[in-house]
Every structure is written in structure tokens, then in C-alpha cells.
Colleague: 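First the structure, which I've put down as C-alpha cells, then a few questions once you've had a look.
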Protein chains: 2
Amino acid sequence: MSQGNRCVSIQAEQARACTVREALDRVGGKWSIGILIAASQGPIRFTELERQVEGISRRMLTLTLRNLERDGLLHRHVHPTVPPRVEYTATPMARELYESLVALTRWAERHRAGISAARAAYDREHGAPVG
Amino acid sequence: MSQGNRCVSIQAEQARACTVREALDRVGGKWSIGILIAASQGPIRFTELERQVEGISRRMLTLTLRNLERDGLLHRHVHPTVPPRVEYTATPMARELYESLVALTRWAERHRAGISAARAAYDREHGAPVG
DNA sequence: CAGTATCCTTCGTGATACTG
DNA sequence: CAGTATCACGAAGGATACTG
């Protein structure tokens, strides 16, 4: 949810880094991905999200929803009923993003073990956390 | 650089979200991508990184390097000379990650305009920042 | 139901001085 | 050169009471 990546006055290769950051800044928050995935299955209501995205607080759900809506990744539809009924849906842009995230997912799956091993090795050689 | 995504006790679809987060947590920091890309070109020294990754402080460079090394994304080679000479190289695992990030990059390029438009529209309808 | 408003804590980051 | 140590600050995130 951080801003401030304006991508100015950097040379060649770091420009690419900046473009990647642009994309990551849209999903870098602690809850964005979970919400996006839940909303990609079809329209979903506020309270349903609160249940499906485990551990999220009401405040963070609202904030993250607003940001995703602002970036055009979620569409918010308010039914004028009482009690209110609000449904969130992933936009086509968000669905494309999700496709792109699959590549990342596969990377994580491939290297889950390797990373754990690397961490364990590192923590053994240097000071382990709490030790 | 945040931890705390243990991926436990969540149902079906949110498990996928968690896997994505696993990957993103490795590159979610403000500087990780820039460093990774610089180090993917070949061995690079501390001071060179400090120059190439614009705006980074000495402290954050050290911290980010340590984390990337710990996760097995960077290899650190110390030449036993005086003055010291330390070179960082992206591991094969990191190179694969970079490939995966290209999908994200293309998404960002495709939708850069769309996102700006969405933001402008949102800020116009609701309260714009400073207004 | 779908949020706001408020308060509080922790984390990430920056600036800078010091060192093997 | 390649770091470490300290201090400080703002933003991200959490808990929860209140409301149209």
C-alpha cells in the first residue's frame, strides 16, 4: 500500500526493477492477495470476505478494499436495500494480474524446500534466531 | 522483510493466496528487486550496489543483502584481502524468480495507463488527495 | 450489514557516527 | 572497503466501540 515509487532519474536496468515494483505495490499489502483471490471466484460480500480471509481485522479489510477499488482491481456494487448489501468483484485487469501471479506461485512451490534449507543453513552458521 | 505467514488452518482457495505471499515476502521489501536485478548481471560489490540502487542507505543495503543471502537468493563471496572485497551474485533460484517477475512486469506495462485512469476517476468521485 | 472513528503497538526505513 | 551500532520517525497494522 506504499506509494512513492515514481521511477525517475534511474539508469537502464534499475528501470526494470522499478516497473516490477509498480506491480508489486498493488498487491504488496498483507491482505491484498487473499482478497483478490476470494473476489476472483465471483461477487462476494463484506462479511463473507471477513470470514474467508482469516485473521483480517475489519479496519484492514475496509482499507484494502478501498485501495484495490481505487486502483481499478475491484468493482464495488451497492444494492440499495436495507440492510445494505455490498458486493465486490474482481475486474478483468485483476484477473490478468492473478494469471501473472501464478508464475510466482509455481516458483514458490518449486523452491519452498530450497529456501527453508537455505535459512536453516544460514541460521546454523551465523547466530540462529534465539540462540 | 516481514515474517509471520505460516500458512496454517486456512481453507482451499486461501491456501493459494498464502503460497503467493510466500514468494512475495522474499521480494516485497523496498529494495530487494533492485538489488536482485543488479546482482543478476554478474558479481557485484557492496559499493557498486550502493551506487546502482539509487537512494538506498548503507543500513538498508546491508539488511536487504543479509535477508536475500539467508533465503538463498544471493551468494556472498569474501575475498580475504585488505582492504576487504565482497562480491554478491544471484543464485540460480534467484534467476528463476526474476523470470517469474517478468510476467508481473508485463502486467504493469499493459495496465499502467488503466490504473492511473482508475485512480484519477476514483479521486474525482470521492475526496481527492488534498482537495 | 457494512462500514467509521479512535487509540495503540510494531515494523520498516532513514541519518549518521564509528570500526576491523 | 564493507560493514555495525544507535537513535528517531512515520506508516502499516491490530483491537474494538460506535453508527446509518
Side-chain angles (χ1 to χ4, degrees), chain A residues 1-6 21 24-35 38-39 43-71 74-89 122 126-127 129, chain B residues 1-6 21 24-35 38-39 43-71 74-89 122 126-127 129:
Chain A
M1 250 87 79
S2 65
Q3 310 297 98
N5 284 285
R6 293 282 164 264
R21 285 244 105 261
L24 291 185
D25 282 351
R26 311 253 130 55
V27 291
K30 190 175 181 181
W31 306 105
S32 305
I33 303 276
I35 291 176
I44 186 170
R45 300 179 62 179
F46 188 91
T47 312
E48 289 182 86
L49 279 167
E50 202 169 4
R51 274 193 303 268
Q52 279 202 34
V53 183
E54 289 207 353
I56 195 171
S57 68
R58 198 156 290 186
R59 175 183 137 84
M60 285 316 294
L61 180 54
T62 304
L63 281 179
T64 310
L65 285 172
R66 288 295 168 278
N67 278 309
L68 292 174
E69 187 195 355
R70 184 164 106 104
D71 286 344
L74 283 185
H75 177 242
R76 178 168 178 269
H77 186 223
V78 184
H79 298 264
T81 61
V82 46
R85 176 189 186 87
V86 182
E87 286 182 330
Y88 293 90
T89 319
Y122 186 96
H126 312 66
Chain B
M1 256 84 81
S2 63
Q3 310 296 100
N5 283 284
R6 292 283 162 262
R21 285 242 107 263
L24 291 185
D25 282 351
R26 310 253 130 56
V27 291
K30 189 175 180 182
W31 307 105
S32 305
I33 304 275
I35 292 176
I44 187 169
R45 300 179 62 179
F46 188 90
T47 311
E48 290 182 86
L49 279 167
E50 204 170 3
R51 273 194 302 267
Q52 279 202 34
V53 183
E54 289 206 354
I56 195 170
S57 68
R58 196 156 293 185
R59 174 183 139 82
M60 285 317 294
L61 179 55
T62 304
L63 281 179
T64 310
L65 284 172
R66 288 294 168 278
N67 277 309
L68 292 174
E69 187 196 355
R70 184 164 107 101
D71 285 344
L74 283 185
H75 177 243
R76 178 169 178 268
H77 186 223
V78 184
H79 298 264
T81 60
V82 46
R85 175 190 189 85
V86 181
E87 286 182 330
Y88 293 89
T89 319
Y122 186 95
H126 311 67

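Quick caveat, the model's predicted, so the values are computed rather than measured. Throughout, a chain's letter reflects where its sequence line sits, starting with A, and its residues are numbered from 1.
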Colleague: Rounding to a whole Å, what distance do you find between L65(B):CG and dG12(C):P?
Modeller: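 For the pair L65(B) CG and dG12(C) P, the rounded distance is 17 Å.
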
Colleague: Rounded off to whole Å, could you give me the CG-to-P distance for the L63(A) and dC7(C) pair?
Modeller: 16 Å

Colleague: Could you grab the distance from atom OH of Y88(A) to atom CG of L65(A), nearest 0.5 Å is fine?
Modeller: 4.5 Å

Colleague: Please report the shortest heavy-atom distance between A38(B) and I44(B), naming the atom on each side.
Modeller: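 Looking at all heavy atoms of both residues, the shortest contact is CB-CD1, 4.2 Å.
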
Colleague: Determine whether V53(B) and L61(B) make a side-chain contact, defined as any pair of heavy atoms from C-beta on separated by less than 4.5 Å.
Modeller: no

Colleague: Using the closest heavy atom to pick a nucleotide of DNA chain D for each, name whichever of I56(A) or E87(B) lands nearer the 5' end.
Modeller: E87(B)

Colleague: Has R21(A) got a side-chain atom pairing as donor or acceptor with G28(B)'s backbone, closer than 3.5 angstrom?
Modeller: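 Present.
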
Colleague: For residues L68(A) and I35(A), determine if any side-chain heavy atom of one lies less than 4.5 Å from a side-chain heavy atom of the other.
Modeller: yes

Colleague: With sequence neighbours left out, write down each residue that passes ring pair (Phe, Tyr, Trp, His ring centres under 6.0 Å) with H79(A), or none if nothing qualifies.
Modeller: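 H79(A) satisfies ring pair (Phe, Tyr, Trp, His ring centres under 6.0 Å) with H77(A) only.
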
Colleague: Given W31(B) and L63(B), is the side-chain contact (heavy atoms from CB on, under 4.5 Å) satisfied, shown in steps?
Modeller: CA-CA 10 Å; W31(B) 307 105; L63(B) 281 179; over 6 Å; no

Colleague: To the nearest angstrom, how far is R85(B) atom CZ from dC1(D) atom C1'?
Modeller: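 After rounding, the gap between these two atoms is 10 Å.
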
Colleague: What is the distance from CG of L61(A) to P of dG13(D), rounded to the nearest Å?
Modeller: 13 Å

Colleague: Are any of S57(A)'s side-chain N or O atoms less than 4.0 Å away from OP1 or OP2 of dG13(D)?
Modeller: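 Answer is no, no contact under 4.0 Å.
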
Colleague: Enumerate all atom pairs, one protein N or O and one N or O from nucleotides 18-20 of chain C, separated by less than 3.5 Å.
Modeller:
none

Colleague: Could you give the CE-to-C1' distance, from M60(A) to dT16(D), as a whole number of Å?
Modeller: 15 Å

Colleague: Would you indicate, yes or no, if dC11(C) has its OP1 or OP2 atom less than 4.0 angstrom from a side-chain nitrogen or oxygen of K30(A)?
Modeller: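 The answer is no; no side-chain N or O of K30(A) sits under 4.0 Å from OP1 or OP2.
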
Colleague: Going by heavy atoms closer than 4.0 Å, what residues in residues 74-81 of chain A are next to DNA chain C?
Modeller: R76(A)

Colleague: Using 0.5 Å steps for rounding, measure from the OG atom of S32(B) to the CG atom of L24(B).
Modeller: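 These two atoms lie 11.0 Å from each other.
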
Colleague: Is there side-chain contact between Y122(A) and D71(B), with heavy atoms separated by less than 4.5 Å?
Modeller: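 Not in contact.
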
Colleague: Whole Å only: how far is the CZ atom of R66(B) from the P atom of dG12(C)?
Modeller: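 So the CZ-P distance, R66(B) to dG12(C), works out to 17 Å.
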
Colleague: If I take atom CD in residue E50(A) and atom P in nucleotide dA2(C), what distance separates them, rounded to the nearest angstrom?
Modeller: 9 Å

Colleague: So, is R59(A) close to the dA17(D) phosphate, meaning a side-chain N or O under 4.0 Å from OP1 or OP2?
Modeller: no

Colleague: Which residues pass the side chain to side chain contact (heavy atoms under 4.5 Å, CB included) test with R51(A), not counting sequence neighbours?
Modeller: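 Side chain to side chain contact (heavy atoms under 4.5 Å, CB included) list for R51(A), sorted by chain: T47(A), E48(A).
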
Colleague: Can you tell me the distance, in whole Å, between the CZ atom of R21(A) and the C1' atom of dT13(C)?
Modeller: 13 Å

Colleague: Using Watson-Crick and G-U wobble pairs with both distances under 3.5 Å, what is the 5'-to-3' dot-bracket string of DNA chain C, with [ ] for crossing pairs and | for pairs outside the strand?
Modeller: ||||||||||||||||||||

Colleague: Let me confirm one number: the CE-CD distance from M60(B) to E50(B), rounded to the nearest 0.5 Å.
Modeller: 13.0 Å

Colleague: Give T47(B) one of three labels, base, sugar-phosphate or nothing, depending on what nucleic acid heavy atoms sit under 4.0 Å from its own.
Modeller: sugar-phosphate

Colleague: What pairs with P84(B) under side chain to side chain contact (heavy atoms under 4.5 Å, CB included), at least two apart in sequence or on another chain?
Modeller: none

